[in-house]
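Quick note on labels: first sequence line is chain A, next is B, and so on, each numbered from 1.
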Amino acid sequence: MTQPLVDIQNLMVEARTDSGRKVEIIKGVSFTVEKGEIVALIGESGSGKTTIALTMMGYTRPGCRISGGKVTLGGRDLVTMSEKQRQALRGTDVAYVPQSAAAAFNPAQRLIDQVIEVAGIHKLMPKAEARAKAISLFRALALPAPETIGERYPHQVSGGQLQRLAAAMALIGDPQLLIFDEPTTALDVTTQIEVLRAFKDVMRKGGMAGIYVSHDLAVVAQIADRIIVLKGGEIQEEGTTQEILHNARHPYTRELLSAFEPAVFQPHEPKDTKSVVRRPVLEVSNIYAGYGPLGGDGLPAKVVLSDVSCKLYKGQNLGVIGESGSGKSTLARVVAGLLPPARGTVEFNGRELDTEAARRSKEDLRRMQIVFQLADTALNPARSIADILGRPLTFYHGQKGAAREARIKELLDMVHLPSAIRHRMPGELSGGQKQRVNFARALAANPDVILCDEITSALDTVVAAAIIDLLKELQSSLNLSYVFISHDLSTVQSICDQVMVMQNGRTVELLANSQLPEGANHHYSQLLFASVPKLDTGWLDSLPAGFAATGN
Amino acid sequence: MPGKIPLLVLSRLGVTLITLLIVSFVVFAATLLLPGDVVEILLGQAATPEAVAGLREAMHLDSPALVRYGQWLLGLLHGDFGVSYANSMPVADMIGGRLMNTLRLAAVTTLLAVPLALFLGITAAMYRGSIYDRAVTMIIVSVISVPEFLIATLAVLIFAVWLRWLPALSLANEIQSFGQLLKVFAMPVITLTCVIAAQMVRMTRAAVIDALQMPFVEMALLKGASKTRMVLRHALPNAIGPIANAIALSLSYLLGGVIIVETIFNYPGIAKLMVDAVATRDLPLIQSCAMIFCFGFLLLITLADIIAILANPRLRT
Amino acid sequence: MSLKPMSRSLSLPRFGLRMSATGILASLVILFWAGVAIVGPRFAPYAPGDIVDFDFYGPISDQLWLGSDYLGRDIFSRIILGARYTVGISFASVCMACFTGVAAGMSAAAIGGWFDTILSRILDALNSIPSKLFGLVMVAAIGSSIPVLIVLLAVIYTPGSYRFARALAVNCNTMDFVTVARARGEKTPYLILHEILPNIIGPVLADLGMRFVFIVLLLSGLSFLGLGVQPPDADWGSLVKENIGGLSFAAPAVIAPCIAIASLTISVNLLIDNLPIKIRDRAS
């Protein structure tokens, strides 16, 4: 019997909280990794997947420590060895590709110097040889201009390129084990494909073992041999990729998988069928907007939106989909009056609204509410939930005392939160609970339209799905219309009647829900939709070579 | 991008110029606050109506304040610091040699304090939380919490009263040998070094700790880098801006410190001159000294900001 | 120009207030001096102006707990009265400085635009005049009395307080919850008082403590130069100046007021470094 490359036995990691309490964050995890095998650690935030991956380098983040168990790499226990011995292993036997390469590169040094630093630290090879090796790695990772890209500084290359450069930095020491920590999570889907493909290629050719940490089963399905499902610092299920995808036994795994089931969409029939001409509740026409001083042509220095128009009908939902930098969030800010556009108009119920929120009437403001992506920053951390929900009640409806209290309870009930939560502070709530409060605050105004800016993006998949269900439920009972902004096709598909695809501040095309995703006509929409990873191990390999090259 | 650095530096210099203008106005405004008539104060017993009118004429006191401000500013630019109220000597003559004495004191202190503070600040940050770090931090907090005169008093108590190594007073005019120089300088320099090094250690330590928490330092650790390498190669180059700022700001404490130290040790520098001038309310002398100090301070801060601009890798090409 | 630590999360645990032993000790010392400043003079053994010892720079004895000064007055009684001047003047000044500075800083952040630019430019310029120098120039021009000292010290430290509060408020102002309030149609006073202030009050109080120390130091420094509190009144700085002649033989008359100053200022600084976790998390 050959010895496994990595053998983790009953690993426990302890963390110290701000108040000095000790908490077990990894509660007795055991698994092995064979030579040349790629194992994925799957889990949501707080599952301990990154913590476990880092213990394989003999490292825990400040405030954490390994409190029990063994982590052996090639037969040597990383827990008991000295820090000097661990230093000798890092970069040579085991290497790390971080989630955010943008943060992991030193902004003050040229890329090449950082990529070959491992060779210098461990005296692996002469500098010239290391440079040559780095350049061949750049080529293998399909980086543009492999000869010269290393001479640049980190801020001069794109996110997808940095992520591949980080992989080159990890590969330079020829490690036996490579740890990928959510390496594509921060990337747009079209970029993700190129990076994933490059990773898969070098891993296949190098024959080294890998740990792939991710929250995304579809991504992992493309690259891993085996999947370990984690929750709350414990292993829920372990199996080959095929077993997990097609034959999951643990309910939690099935819950994760169910998020990939095709969205069920119920079209919203317009309620005012009696009127002959359907009029949009919200109409945005020919918006130009951006940041910086206005130039001679009346446009700002940095134009974010160019000639964007869209309509939202009563009781229906409009989806806005696009990658980072497409201007979708800016559109929401323009509509809400937070960023006055340089040109163009926003009409509400057939009336043109002032470009600035401060000059709109209270009634107009009340009828259109905005909900932001990050509930952490959208809820004032210094005020109780009751204060947060009560303010719009007082502000718009003049409610006070018992009536206000009753309405707060009612609102919490609508978003399925216990009424006792109103005495708590936002910091004491979970991410999903916070987002529900965030949404309840918008409901407090009794609006007609709610602008939802990426409201499920920061949430774990299972929690996000519950929020979408809530949105659907409230829509039918309160006759709401949503503008739903997202980068995620499946969420938009599950709730929106119309979907506007945006790229670089322009409208690419407008699609009806029934056209999604195959009915897209424009090249970019097709690319965007086809780039969403599928829960199928052969999906990445089935894409034609050169796919996504234009997405960059 | 290549044109960006000179532009940033120029705009930074512009800010300094505006600041200097505002500062000069505030310093000038002090004359307007002087209760009673300057001329009557100056003439004292001899304030006959004719004499008062004559002197007012001579001092342009009847012109509007803004005009006098302009004249005063122009004078400063030409090196004309005005005439002392107290003894009718040109202020420039009174300042001359004394400025050199103060600069000498400042230079020696800087040479001593900067390396010491950088060493303590960086090592304390590297071994954060250790007994060494806690000891350094405790001493630093104590030193910056107490007035400069207290440090000076303590230094006299230790070195002059108990150990009897050094004289309590400095008289820079009597320097004959290197040994004397050392003795004259020792006490003021020890006091000043303590005061400004403490500030500098505190800010340097904070800047390095900030830099050490950057993800790229953790990445260096995961590449197998030693602690020294993490600090020297990764954290420090990214902390140059904040450290330059820390040094400049601390050196500005030199100004506050020098006022006390020159008084307590009777050191014939410009700050002592200024404190004596406050007693006689000799405004032209005080204003000139104040402008020299403010100019020095702004020079340091501007220099630090320019270093920070030049050290910012994002502006490099 | 000052060092701004990286902004951390604004959220904080509501419970779990913990304080280290150092912090508790520091608070006790501060409370002690506050008590002395308020009621102390009633319990002073001698009137501060009375000459009670025929000797000067007398040693510690049963009658004179901290010895006598250069005229033979009781140092213990004089320190008790001095606490009223040092603590009282500094406290009044720091309250004025921080109230003005924080109000202006939050307004500048919330209003923005030209208002912010001009106010910041002027106050930054004032901030670049070294505090002692500012003090000397103004004392030379206006003279020194207790009301003048209070206002002068407040004026000197307002720009720093403004700068600190503005930086915090600007951070806070970019948070989504302020944007949500703006989109709701809230006016500037509401934004300042209900959205921004509750989130910066912790660090602002810590800053008030720091500034209190600066003011005590400056006041003592001015008095030491003979330009602060004028005789016959004496704060702790004046006591050191009066009795500096006793330094060469380490008289308690000069050492005791030094210890009084140091104990107060070091305690305040230690308290800030060891604040209960609730405030500390945000002060950082």
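- Dense packing is recorded around OH of B/Y69, with more than 12 heavy atoms of other residues, nucleotides or ligands lying under 6.0 Å away.
- Ranking C/S128, C/P130, C/S131 against chain B, the residue ahead of the rest is C/S128, based on heavy-atom pairs under 4.5 Å.
- Of the two parts of B/L20, neither the backbone nor the side chain holds a non-hydrogen atom closer than 4.5 Å to a non-hydrogen atom of chain C.
- The part of B/T263 that comes within reach of chain C is its side chain, from C-beta onward, which places non-hydrogen atoms under 4.5 angstrom from that chain.
- Each of B/L298, B/V278, B/T19 has some count of heavy-atom pairs under 4.5 Å with chain C, and the biggest count is that of B/V278.
- Defined by atom type and a distance below 3.5 Å, a donor-acceptor pair is missing between the side-chain atoms of B/Y267 and B/T102.
- A side-chain N or O of C/D116 and one of C/S120 form a donor-acceptor pair less than 3.5 Å apart.
- Although no hydrogens or angles enter the test, the distance criterion places no donor-acceptor pair under 3.5 Å between the side chain of C/S90 and the main chain of C/V87.
- Using a 4.5 Å cut-off between heavy atoms, C/L227 touches chain B through its side chain atoms alone.
- Side-chain N/O atoms of C/S238 and C/D235 include a donor and acceptor closer than 3.5 Å.
- Between B/W72 and B/F28, the ring planes lie tilted relative to each other; the angle falls in the 30° to 60° range.
- Looking only at heavy-atom pairs under 4.5 Å with chain B, the residue among C/G226, C/G221, C/G237 that has the most is C/G221.
- The residue among C/V240, C/L225, C/L270, C/I244 with the most heavy atom pairs within less than 4.5 Å of chain B is C/L225.
- Contact count versus chain C (heavy atoms, under 4.5 Å) is highest, among B/L154, B/I18, B/T153, for B/T153.
- We find the CD-CG distance between B/E262 and B/L192 to be 8.5 Å, quoted to the nearest 0.5 Å.
- With hydrogens and angles left out, the side-chain atoms of C/R121 and C/T117 include no donor and acceptor closer than 3.5 Å.
- Of the listed residues (B/A277, B/A304, B/C294), the one with the most heavy-atom contacts under 4.5 Å to chain C is B/C294.
- Interface residue C/L126: only side-chain heavy atoms are found under 4.5 Å from chain B.
- Only the side chain of B/E148 comes within less than 4.5 Å of a heavy atom of chain C; its backbone N, CA, C and O stay farther away.
- For the options C/I261, C/V213, C/V268, C/I255, heavy-atom pairs under 4.5 Å to chain B are most numerous at C/I261.
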